[in-house]
Novice: 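Sharing a structure here in structure tokens format.
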Amino acid sequence: MSPVISEILLSGFMINSTLRRRTHLVQSFSVVFLYWFYVFS
């Protein structure tokens, strides 16, 4: 496999994992916000 293809795959994987982590962070934040809203309402 050529280094260019492996480089592209590696960068794509890094971006994918970063996006997945960000969406996971947003999901957990929304859960915390809903819980806080439920407790203090």
Side-chain angles (χ1 to χ4, degrees):
M1 196 155 68
S2 65
V4 177
I5 294 176
S6 59
E7 192 103 353
I8 290 171
L9 283 174
L10 189 69
S11 62
F13 180 73
M14 293 268 292
I15 291 169
N16 196 15
S17 62
T18 306
L19 284 176
R20 194 175 295 131
R21 193 173 300 124
R22 186 167 295 148
T23 53
H24 184 72
L25 194 76
V26 168
Q27 279 181 344
S28 54
F29 181 74
S30 61
V31 166
V32 167
F33 180 74
L34 282 173
Y35 178 73
W36 181 83
F37 190 75
Y38 177 75
V39 166
F40 285 96
S41 59

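Below, each value reflects all heavy atoms present in this structure, side chains not excepted, and no hydrogens, waters or symmetry copies.
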Novice: Is Y38 close to L34 at the side-chain level, that is, under 4.5 Å between some pair of heavy atoms?
Specialist: no
Novice: Looking at OG of S17 and CZ of R22, how far apart are the two atoms once the value is rounded to the nearest 0.5 Å?
Specialist: 10.5 Å
Novice: Rounded to the nearest 0.5 Å, what separation is found between the CD1 atom of I15 and the CZ atom of R20?
Specialist: 12.5 Å
Novice: Out of V4, I5, L10, which residue meets the side chain to side chain contact (heavy atoms under 4.5 Å, CB included) rule with I8?
Specialist: V4
Novice: Taking the six-membered ring for Trp, are F33 and F29 parallel (under 30°), tilted (30 to 60°) or perpendicular (over 60°)?
Specialist: parallel
